[in-house]
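Labels below follow one simple rule: chain letters A, B, ... track the order of the sequence lines, proteins then strands, and each chain is numbered from 1. Not measured: the values here are computed from a predicted model.
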There are 2 protein chains.
Amino acid sequence: MTTTKDDDIIASVLTAYLNEHGHRKTTERYHILKEVYAMEGHFNVDSLYILMKNKNYRVSRATIYNTMELLVASQLVQKHQFRKGMALYEPSYFNRQHDHLIFTDTNEIKEFCDPRIQHIKDTIEKTFDITIEKHTLYCYARRHPENPKEALS
Amino acid sequence: MTTTKDDDIIASVLTAYLNEHGHRKTTERYHILKEVYAMEGHFNVDSLYILMKNKNYRVSRATIYNTMELLVASQLVQKHQFRKGMALYEPSYFNRQHDHLIFTDTNEIKEFCDPRIQHIKDTIEKTFDITIEKHTLYCYARRHPENPKEALS
DNA sequence: CTCAATGCAAATCATTTGCACACCC
DNA sequence: GGGTGTGCAAATGATTTGCATTGAG
C-alpha cells in the first residue's frame, strides 16, 4: 500500500536513475513501477502481467521483464529466487533490509531482521578485502513436519 | 578428491538411504555418486554428464537429474542456485556446514564458516517456534569494481 | 517375473530475443 | 527525425516427462 505522496517519491527515484543512465522515461516504466508498489507481498512477473492486463494497461511481458531489471538496478525492487521456477519480486524502497524465512509446505514467506547478519558481512569484507554488494539469507522450514513424532522429540 | 575408503563410506550412506526408502540400488546411482565426489568444486549437471560420457559411462541426463535429487535428499550433496540459469552442486559429506561468497564478475565462489549464522538460526527457531531444515547465505561481491575511483573512497 | 529405473527424445515453462512499429528526446 | 523502447510471437535453455526397454529384487 502506497500513498500518492509515496508514489511521487518512488517515481522521482526512477526518474533520477533513468536520467543518470541515459534511459528514456517511458510511460510504461512508470505504470509498471506504480503497480509494482501496489502489489502486496512477494509477486512474480506473470501475476503482475495479469493484474495490469485486467486493469486494461497495454503492456507486454517482455516490457515487464525489461523494466523489472531497471527497477532492481535502481534499488527500487528486490528480486528473489527462493525456489526453482519463477523469480519473486518485492518493492524495497520503504522497507529496511531484511532476510527471509520460507515455509516449504505452505509457500508462506516471513521476513526478519537480525543485526548479526551485518556483523558477519563486515567480517567477510575484512577477511577477503572486498565490498559485498548484496546478500541473501534464506531459511527454509516446514509448518507441518512430515513426521510429527520426530518433531516432538 | 576422495580415497577408496572415502568412496566406500559415501557408497554405504547411499545404500542406507536407498534401503530405508525402498529404492533400487542401481549401478548408475553408484557410478554417479562416485563421479560426483571426484568433481572439484561446484559443478553443474551438464559438466558431470559430459565428464561421464568422456569416461564412457552409459548414462543419460535424465538419470543424472533423478539421481542428484536422491543425493540431495540423502544429504550427500548440496544443491545451490547462486544465479539464474543452471543449479550448481557440491559433495557435502566430508565438508562442514559453510556459506558462500560469490564473485559476480569472475564467477569465482569462496566458502566461509561463521558461527554467528547458527546463532541467528537459533533465534529464528525460537521466535517462530519452528525447525529450520536448511538455510542458504550467499554474499555477492565483485573483484573488479565497475568504478575503481568509488571503490577507493 | 514384475515393476522401478533407465536412455532417449520430445515437452515444458520462465525468461530472452528478433523484428516491425511507436514515441521519447 | 532518429534511435531507444515496445508489443508480439518465436526462440532459448535448464529441467522434466512419456514411453519403450532394461535389470534389480
Side-chain angles (χ1 to χ4, degrees), chain A residues 11 14-36 42-74 77 79-89 107, chain B residues 11 14-36 42-74 77 79-89 107:
Chain A
L14 177 57
T15 300
Y17 177 84
L18 295 175
N19 282 336
E20 194 172 334
H21 291 78
H23 294 304
R24 290 184 180 171
K25 294 178 277 299
T26 66
T27 52
E28 288 81 3
R29 287 172 176 167
Y30 288 95
H31 287 159
I32 292 169
L33 175 63
K34 187 177 193 318
E35 295 307 321
V36 160
H42 302 79
F43 63 91
N44 61 53
V45 165
D46 228 56
S47 60
L48 179 61
Y49 174 74
I50 303 288
L51 181 119
M52 292 188 72
K53 276 296 183 188
N54 286 342
K55 291 193 179 186
N56 291 319
Y57 284 102
R58 186 170 186 278
V59 71
S60 70
R61 260 178 263 261
T63 300
I64 294 184
Y65 276 108
N66 287 336
T67 303
M68 294 312 290
E69 208 166 300
L70 294 175
L71 297 184
V72 169
S74 62
V77 165
K79 179 179 181 175
H80 295 289
Q81 195 78 47
F82 293 129
R83 27 173 86 249
K84 62 181 170 179
M86 70 228 159
L88 294 186
Y89 297 85
N107 286 326
Chain B
L14 177 57
T15 300
Y17 176 84
L18 295 176
N19 282 336
E20 194 172 334
H21 291 78
H23 294 306
R24 289 182 179 175
K25 295 178 277 296
T26 67
T27 52
E28 287 82 2
R29 287 172 176 168
Y30 288 95
H31 288 158
I32 291 170
L33 176 62
K34 187 178 194 316
E35 295 307 322
V36 161
H42 302 78
F43 63 91
N44 60 53
V45 164
D46 228 57
S47 60
L48 178 61
Y49 173 74
I50 304 289
L51 181 120
M52 292 188 72
K53 276 295 182 189
N54 287 343
K55 290 193 179 185
N56 291 318
Y57 285 102
R58 186 170 186 280
V59 73
S60 70
R61 259 179 263 261
T63 300
I64 294 184
Y65 276 107
N66 287 335
T67 303
M68 293 313 289
E69 209 166 300
L70 294 175
L71 297 184
V72 169
S74 62
V77 165
K79 179 178 180 175
H80 295 289
Q81 195 79 46
F82 293 128
R83 25 172 86 251
K84 63 182 170 178
M86 70 230 158
L88 294 185
Y89 296 85
N107 285 325

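- Residues of residues 44-65 of chain B having a heavy atom closer than 4.0 Å to DNA chain C, listed by number: Lys53(B), Arg58(B), Val59(B), Ser60(B), Ala62(B), Thr63(B).
- Checked by distance alone, Arg24(B) brings a side-chain donor or acceptor within 3.5 Å of a matching partner on the base of dA4(C).
- Distance, Tyr89(B) OH to dT15(D) C1': 9 Å, rounded to whole Å.
- For the OP1/OP2 pair of dT6(D) and a distance below 4.0 Å, the side-chain nitrogens and oxygens of Thr26(A) include at least one atom meeting the criterion.
- Note on His23(B): a side-chain N or O is less than 4.0 Å away from OP1 or OP2 of dA5(C).
- Note on Lys84(B): a side-chain N or O is less than 4.0 Å away from OP1 or OP2 of dT16(C).
- Following rounding to the nearest Å, Lys25(B) (NZ) and dA4(C) (C1') show an atom-to-atom distance of 13 Å.
- The distance from atom CD1 of Ile32(B) to atom P of dT6(C) is 7 Å, rounded to the nearest whole Å.
- Between Ser60(A) and Tyr65(A), the side chains place no donor N or O within less than 3.5 Å of an acceptor N or O (distance only, hydrogens not considered).
- The salt bridge (Lys or Arg N to Asp or Glu O under 4.0 Å) test applied to Lys79(B) returns no partner, not counting sequence neighbours.
- For the pair Met68(A) CE and dT6(D) P, the interatomic distance rounds to 14 Å; values are reported in whole Å.
- Of the possible donor and acceptor atoms, none in the side chain of Glu20(A) sits under 3.5 Å from a partner among the backbone N and O of Gly22(A).
- There is no side-chain donor-acceptor pair under 3.5 Å between Glu28(A) and Tyr57(A).
- When rounded to the nearest whole Å, the span between CG of Leu88(A) and P of dA14(C) equals 12 Å.
- Put simply, the side chain of Thr15(B) gets close to the backbone of Ala11(B): a donor and an acceptor are under 3.5 Å apart.
- Every residue two or more places apart in sequence or in another chain that forms a salt bridge (Lys or Arg N to Asp or Glu O under 4.0 Å) with Arg61(B) is listed here: Asp46(B).
- To the nearest angstrom, P of dT4(D) lies 12 Å from CZ of Arg29(A).
- Separating the CG atom of Leu18(B) from the P atom of dA24(D) is a distance of 13 Å, rounded to the nearest angstrom.
- Under a 3.5 Å cut-off, the side chain of Ser47(B) and the backbone N or O of Phe43(B) do not form any donor-acceptor pair.
- Atom P of nucleotide dG5(D) and atom OH of Tyr30(A) are separated by 12 Å, given to the nearest angstrom.
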